[in-house]
Structure formats: structure tokens, C-alpha cells
Amino acid sequence: SLLEVIGSGGLNVNPSKLSGAFQNAVALYKSNYGWEATLHPASDMLIYNIPTATNTSYEQYVINTTTGAACRFTGWNARTFGVIEGELYYGLNGTIRRADVGFSDEGDNIVVVGERSFYDFGIPFQKSFLASKEIVRSSANLSLTMAQAIDFGVASVASPTTSISTGTQWDTGQWDTFQWADELSAQIIRFALLGSGVAISTKLSASMNGDTAEWYRTDHSFKVNNTF
């Protein structure tokens, strides 16, 4: 099993953004059954299935095999994964579902949370943070909730606002029978910031149904406090 390979020292990978989370998961859930790794080339995903409770609850740690970006999936309570003819499937108790398809979670919203690493802008002095500008690209008028964390504190995100778009994505519907979905468009969303510190991290949250979104960059406005 994957856990046996890890325990025997037979898995050697380069450090990633998931390294700490993966080590914590092994320490917490190593006695649970269901550890598994699945490669899905069509989505550039390497999926580690983590059994937080055997036969009861699971979450996935996922690495983008092209960029090295890492994230965690919740809501896929999958006991096992498999790839058939290039498509990703997972099994539950008596049910098989196709994964990574569509723009909702069986009709429910997909909640997305992203958090940037702490950054001091190359200025290791106290700053007063004033505002942030988030540049995103979305198929709808995206509504975001933002939280800030300063000097390695923990940011909390309030309940996100839902963004719903209508229409059909390209090459997924029958011609002349549907309304086109919105094309991706760039948006600039500004938030006021309060607080002082050396480094800051911003955390964005959105609840989407029928939408796609990309987070391009974050700009901050701040002033450096008296350094004497």
C-alpha cells in the first residue's frame, strides 16, 4: 500500500507545498485503511487519497504535475480512485462516480479557498497595510470574500457570496438549443485592509456554481512605519 511504501522509506519525492500537510496526515491517520495515489494525466493531477476515518471520510491532497502547485480537495468522499479511458472515477459505498467533470458538485456549489504565502515585500520593517487589489478572471461577475493574516497569524474567512452564471460551456451542449455561458473576463476587486506588521497573507474564498475562475495576482498598498 502507499502507506507501507512511505513507512519503509521507499518514497522519495522533492519537497512541495504539501510536504508538511502530508507528514501531519501520516502521523494522524497512518492506522486507517485506504491510502492511495492516483495519477490522472488528462487533468495534470497526482491525487493522494487520505482516509481520515476508515470507510467513513476521506480527503485528497493533489499536486499539479505540470506546475507543482498543491491543494486539498474535500467533498469527494472516495474510498478509491481509478482512471478508465482517460477519465477519472472514484468509488463510494456501492456507488461509482465520474470525477473532475462539470462546474458544480452534483448541482451544489463548489467552495474554493485560496491563501497566499506570507510576504514582506523585501522590506523587513513594520508596515501599515491599507488595501489589496485582487486580479481575477472569471466566467461570471465573481463575488469574493477576503481575509488577511499578518506576521504568520491565522486568517479566517466569512461565508462567501454565491456567484451563479447560466449557459453552456463550449463543446458541451447541442447547437442551437442552449444559451452560451459567459466568456472569461478579467476583474479587479479591491478590499480595504487594517493592521500593522512585517509580512501579510491574503485569503480569498468564493462559492461558485456553473463558473470558472482564475486568480492571477494580488497587489498591496501600505506605508512603512518609523524604522527608528
Side-chain angles (χ1 to χ4, degrees), residues 1-118 145 147 149 152-157 159-160 201 203-209 212-213 215:
S1 69
L2 173 62
L3 192 57
E4 290 172 339
V5 172
I6 296 170
S8 65
L11 182 66
N12 294 311
V13 296
N14 292 328
S16 74
K17 294 179 181 178
L18 276 182
S19 297
F22 203 95
Q23 292 171 358
N24 290 339
V26 170
L28 290 172
Y29 310 123
K30 63 182 178 182
S31 61
N32 296 345
Y33 177 81
W35 287 81
E36 187 179 65
T38 303
L39 178 65
H40 186 219
S43 297
D44 297 326
M45 292 194 302
L46 177 59
I47 303 168
Y48 295 98
N49 202 30
I50 311 297
T52 55
T54 301
N55 296 331
T56 302
S57 62
Y58 298 80
E59 62 186 22
Q60 295 76 41
Y61 293 170
V62 183
I63 296 177
N64 185 304
T65 56
T66 299
T67 66
C71 67
R72 178 173 68 105
F73 287 176
T74 61
W76 287 3
N77 203 27
R79 294 189 180 187
T80 186
F81 283 87
V83 178
I84 303 175
E85 296 183 350
E87 303 293 344
L88 182 65
Y89 294 85
Y90 64 84
L92 300 102
N93 186 14
T95 304
I96 297 176
R97 294 180 179 173
R98 184 180 171 190
D100 195 37
V101 61
F103 300 94
S104 69
D105 188 4
E106 294 189 328
D108 294 332
N109 293 344
I110 297 176
V111 177
V112 182
V113 178
E115 185 171 4
R116 293 189 177 276
S117 59
F118 283 90
T145 297
F152 304 96
V154 177
S156 59
V157 177
S159 298
S201 167
K203 188 174 186 178
L204 296 183
S205 177
S207 181
M208 303 185 296
N209 195 321
T212 58
W215 184 7

Using the test side chain to side chain donor-acceptor pair (under 3.5 Å), find all partners of [X] that sit at least two apart in sequence or belong to another chain.
| X | value |
| --- | --- |
| T65 | none |
| S104 | none |
| S43 | H40, D100 |

Quiz item: For M208, which of N109, V112, V111 qualifies under side chain to side chain contact (heavy atoms under 4.5 Å, CB included)?
Solution: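 Only one of N109, V112, V111 forms a side chain to side chain contact (heavy atoms under 4.5 Å, CB included) with M208, namely V112.
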Quiz item: So which of L88, V83, I63 actually passes side chain to side chain contact (heavy atoms under 4.5 Å, CB included) with I47?
Solution: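 Testing each of L88, V83, I63 against I47, the sole residue satisfying side chain to side chain contact (heavy atoms under 4.5 Å, CB included) is L88.
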Exercise. Check whether the side chains of E59 and T52 place a donor and an acceptor atom closer than 3.5 Å, and report yes or no.
Key: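 Their side chains do not contain a donor-acceptor pair, so the 3.5 Å distance test is not met.
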Any side-chain heavy-atom pair of [X] and [Y] under 4.5 Å:
| X | Y | answer |
| --- | --- | --- |
| W215 | L204 | yes |
| N49 | F81 | yes |
| Q60 | R72 | no |

Quiz item: More than 12 foreign heavy atoms under 6.0 Å from CD1 of I96: is that the case here?
Solution: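 Count not over threshold, so no.
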Name all residues meeting the ring-ring contact (aromatic ring centres under 6.0 Å, His included) criterion together with [X]; count only those two or more places apart in sequence or in a different chain, and write none if there are none.
| X | value |
| --- | --- |
| F73 | W76 |
| Y89 | none |
| Y33 | none |

Self-check item: Between CG on residue D44 and CG on residue L39, distance to nearest 0.5 Å
Solution: 9.0 Å
Self-check item: Lys/Arg N to Asp/Glu carboxylate O, E106 vs R97, below 4.0 Å
Solution: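 Here E106 pairs with R97 in a salt bridge, since their nearest N and O are under 4.0 Å apart.
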